[in-house]
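Counting starts at 1 for both ligands and their atoms, in listed order. Keep in mind that this is a model prediction, so the values were computed, not measured.
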Amino acid sequence: MLKGIAASSGYVIAKVYKLQQPVLNIERKQANAEEEIKKLQAALAKTIKDIELIKERASANLTAEELAVFDAHLMMASDPELIGQMEEMIKNESINADFAAETVGNMMVSMFESMDNDYFKERAADVKDVTFRLKCNILNVEIPDLTSIDTQVVVVAEDLTPSDTAQLNKKFTKGFATEIGGRTSHSAIMARSLEIPAVVGIDDVMKMAKHNDEIILDAVDGLVFLNPTEELKQEYIAKLEAFIAEKEALKVLLDAKSETVDHHEVELAGNIGTPKDVEGVVNNGGEGVGLYRTEFLYMDTDAFPNEEEQFEAYKKVLEGMNGKKVVVRTLDIGGDKKLNYFEFPEEMNPFLGYRAIRLCLDLPHILRTQLRALIRASIYGKLCIMFPMIATVDEFKQAKAIFEEEKAKLVKEGVAVSEEIEVGMMVEIPAAAVLADQFAKYADFFSIGTNDLIQYSMAADRMSSKVSYLYQPLNPSILRLVKMTIDGAHAHGKWVGMCGEMAGDQLAAPVLLGLGLDEFSMSATSILPTRKLIRSLSYAEMKELALQAVALDNEEAVIELVKKTLK
Ligand code: PEP
Ligand code: MG
């Protein structure tokens, strides 16, 4: 049994698919040139065939745009310049094909990377990808391919990148287990939006699990069992059945109000990463989208998405929600979210560095394009826009001014825009929570991002499993910051949501309710359980509970108090 962090709930019994990138050991060796050129050509032919096959399989999951990256790779693999240089080197120096492929590949990569042009910089990533595949084929080393999975598996990996998760076919990938990550790392967030059970931050899972081992993934308690006994398997089959039955039973609450027994109503919304996730929110009774993380639009491609591409995505989400509120967050890139076509500066602490609104105010054309696309889409529903990682009132004012400018430009161009767009901000930096009463003079609403708010308040990296014990949503220090934010907003008649993972935490919800939170936004699958809970609570009692909780001195005491009150 291995222990990790339950990141997306559920149970799975399946086989292990181990995702491990091979490490190549390439050295310069003297060799027969003729034979090496033959090897190179055979490997090249296989490389082209491999890419074509991956493209074909991926076409079931990806859009035409997302598939374009494979065409770029095919073009690269058939580029006479690249291949010619490798052959030349083998011939002239009588050396091994893998070394020639590596040397020429590296040269091309540095050449593209040094160009002051985004298009060519992207090509560097393509060369890396293609020459890696080529070298593996020369050396007869197999590369794991997520799109080739055709039986039910649990993917076991060091970590999963957004492009890995984009390739996962939900029909066969029943869960995943990773060594890296915490409840709020992006692979965990993706798992929840795909509704795939996941356990993350499992020490040694790569060492212990072998390809094709039988595995039980208990993503409720954060456990992994390898090659379980028949008895344990039976136990988990029963748990799985009960889990499904409970999910079914909650469906009676799909259209019910999210209100307490004394008729205090709140809004339960869903967090999404892509337009595809809207369906999950609607099917789980979401009353809106409380957080659309737009960075996935930027992460799943090989260039900044243009205004038209963004407009289409935003329109789809607004239309999909059918007039219900949609809160779109502007680009929150940096930290653990990188782009393969944009170079971030090397920083000691990227989570404290050049990211989100800081980057967008420094490179405002990126923000302007996104805001134009959003404002144009605003006529298709009820749009709220929010800026991530706001630390100072001045940052908010600058971002809001850019919004006003782009809106005025569009109006002047004769484009139809909604006059009801709300412009708010995320409260995820303690400075903003403390100064909420001042921010509330300018922002239409707040959405509390507890994933970051907790990491910054506790000075505990959300990606580190070693310090994950400091992720304490119910610590009175965090509750006080939440209270300050809500009180500051309410004093100016503004509403407050929460879109961090804490909003869907069943022990936190009673306290948040009592503190006066107006909107709770969470993974779609948490909406119905939270509605059931809220409908069982009294607002008057929860207000009392919240007052007591903020006066305690540690998280355990708060948890105990909540449990006692709920009994
Ligand atoms: C948060 O920080 O709580 C949040 C919702 O944003 P993200 O998890 O995308 O950083
Ligand atoms: Mg955040």
Quick one: sort the Tyr539 and His264 rings into parallel, tilted or perpendicular, breaks at 30° and 60°. parallel
Has Gln438 got more than 12 heavy atoms of other residues, nucleotides or ligands less than 6.0 Å from its CD? yes
Within less than 2.8 Å of the Mg ion (ligand 2): protein N, O or S atom count: 2
Please determine whether a side-chain nitrogen of the Lys or Arg among Arg293 and Asp332 lies less than 4.0 Å from a carboxylate oxygen of the Asp or Glu. no
Salt bridge or not for Glu308 and Arg376, using N-O below 4.0 Å? yes
Between Lys494 and Phe446, is NZ or CZ placed under 6.0 angstrom from the six-membered ring centre and within 45° of the ring axis? no
Using heavy atoms and a strict 4.0 Å limit, residues surrounding ligand 1 turn out to be His186, Ile189, Leu291, Arg293, Arg329, Asp332, Lys337, Met426, Glu428, Gly449, Thr450, Asn451, Asp452, Arg462, Cys499, Gly500
When you check the gap from the basic side-chain N to the acidic O, do Glu195 and Lys170 get nearer than 4.0 Å? no
Which residue, Gln370, Glu309, Glu319, forms the side-chain hydrogen bond (donor to acceptor under 3.5 Å, both in side chains) with Tyr314? Gln370
Establish, yes or no, whether a centroid distance under 6.0 Å links the rings of Phe396 and Tyr442. no
Can a salt bridge be assigned to the pair Glu422 and Lys382 using a cut-off of 4.0 Å between side-chain N and carboxylate O? no
